[in-house]
Number of protein chains: 2
Amino acid sequence: MTELEQKCIDAGLKMTGQRRAILEVLERADDHPSVETVYLRSKEMDSSISIATVYRTLNLLGQMNLVKKHDFNENHARFEANLEQHYHFIDVNTGEVVEFKDEELDARLRQIANDLGFDLVDRRVELYGHKNPDNEGDS
Amino acid sequence: MTELEQKCIDAGLKMTGQRRAILEVLERADDHPSVETVYLRSKEMDSSISIATVYRTLNLLGQMNLVKKHDFNENHARFEANLEQHYHFIDVNTGEVVEFKDEELDARLRQIANDLGFDLVDRRVELYGHKNPDNEGDS
DNA sequence: GTACATGCAAATGCTTTGCCCGCGA
DNA sequence: TCGCGGGCAAAGCATTTGCATGTAC
């Protein structure tokens, strides 16, 4: 049983085949799949799934804070089950999304919110650019 | 003549009444108006404007990098003509958007991109939270 | 005059929802 | 059994677009 599945059961959700498939897709994904992608992948496990169920399930998980919804300046949403605080770099050429963490950035953002007199409940940092081939960064 | 208008003329765009109205709305706005809002405001200056023209003009200005498009986790886009690098704090209770700048943050983001081996072409930082009434931040 | 701009309405594309049947607990 | 969950198709909504007309230059 996946970790997500356990959380859903604990929350009192009925564990159907469709939900199990979707949860497994999310748990396995190391990218940030769109609804369509989640749909296609989960359909391989349970061909009876409809895209309406994927939408409903993803929204449900979103409300339960088990998945996070992103938009990355596209015309469709993307989802991820990685709940650890992190940020994203989007390659504007390929659409590839790279996750990164940075404690100095965390701290600065907290400081800024505090200085502004705000309670921070969420944050979004997205860097857009190109992979730089002559840089040692991806070596 | 507004600054935006001059830039559009320089770029070879025909300066119609509708465009003048939309440009003026953008130039005057100190908030981050939605398409609908830009439409309503510009309609007051030129009642013949259709929302299709607003969409077309806003997209055009976006491509020309004269306005920036945001989504702020809503179901519609918002626009702003403020081209200086800045970030946003969104009050999750009121939807109010506060702009801020921070050089330390700028520097950190540049450093991160560099370390990752990326060329930075755009960045988005959005902090979500509540105005904290017992904090001196907004005094 | 000519190419570009606009209004209108239809079309799109993503997402949501009503309805009724099916199934998990 | 009973009510939640799901499939299907229709509806919603923001946005885009085809087409014919209008207009800036």
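Sequence lines set the chain letters: A, B, ... in the order given, protein chains first and strands last, and positions in each chain run from 1.
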Take the protein atom OH of Y39(B) and the nucleotide atom P of dT15(D), then report the distance between them rounded to whole Å. 14 Å

Using OP1 and OP2 only, check whether a side-chain N or O of Y55(B) sits under 4.0 Å from dT16(D). no

Please state how far atom CD1 in I49(B) lies from atom P in dA5(C), giving the value in whole angstrom units. 15 Å

Could you list the donor-acceptor pairs under 3.5 angstrom formed between side-chain atoms of residues 49-60 of chain B and any protein atom two or more places apart in sequence or on another chain?
unit_1, atom_1, unit_2, atom_2, d
S50(B), OG, A52(B), N, 3.4
S50(B), OG, T53(B), N, 3.4
T57(B), OG1, T53(B), O, 2.7

Where along nucleotides 18-25 of chain D does protein come under 4.0 Å, by heavy atom, of base (B) or sugar-phosphate alone (S), with - for untouched nucleotides? B-----BS

Rounded to the nearest 0.5 Å, what's the gap from CG on L23(A) to CG on L61(A)? Could you check? 5.5 Å

Spacing between Q18(B) atom CD and dC4(C) atom P, to the nearest angstrom: 17 Å

F89(B) versus Y128(B), closest heavy-atom pair with distance: CZ-C, 4.0 Å

Determine whether the side chains of Q85(B) and D106(B) contain a donor N or O and an acceptor N or O closer than 3.5 Å. no

Nearest-Å distance for atom pair NE2/P, residues H76(A) and dT16(C): 14 Å

Applying a 4.0 Å non-hydrogen cut-off, can you work out what I51(B) is touching in the nucleic acid: base, sugar-phosphate, or nothing? nothing

Distance from R124(B) atom CZ to L127(A) atom CG, nearest 0.5 Å? 11.0 Å

Is the shortest side-chain N/O distance from S48(A) to OP1 or OP2 of dG7(D) below 4.0 Å? yes

Starting from C1' on dG13(C), measure out to CD on E36(A) and report it in whole angstrom. 11 Å

Taken to the nearest whole Å, CG/D46(A) to P/dG24(C) is 11 Å

Between CD of E74(A) and P of dG13(C) the distance, given in whole Å, is 16 Å

Quick one: is dT15(D) close enough that its OP1 or OP2 comes under 4.0 Å of any side-chain N or O from N59(B)? no

Could you give the NE2-to-P distance, from H70(A) to dT15(C), as a whole number of Å? 14 Å

Less than 4.0 angstrom from a charged side-chain N to a carboxylate O is my criterion; do R108(A) and E104(A) meet it? no

Residues which pass salt bridge (Lys or Arg N to Asp or Glu O under 4.0 Å) with E27(B), listed by chain and number, not counting sequence neighbours: none

Please state whether the phosphate of dT6(C), meaning OP1 or OP2, lies under 4.0 angstrom from any side-chain nitrogen or oxygen of R19(B). yes

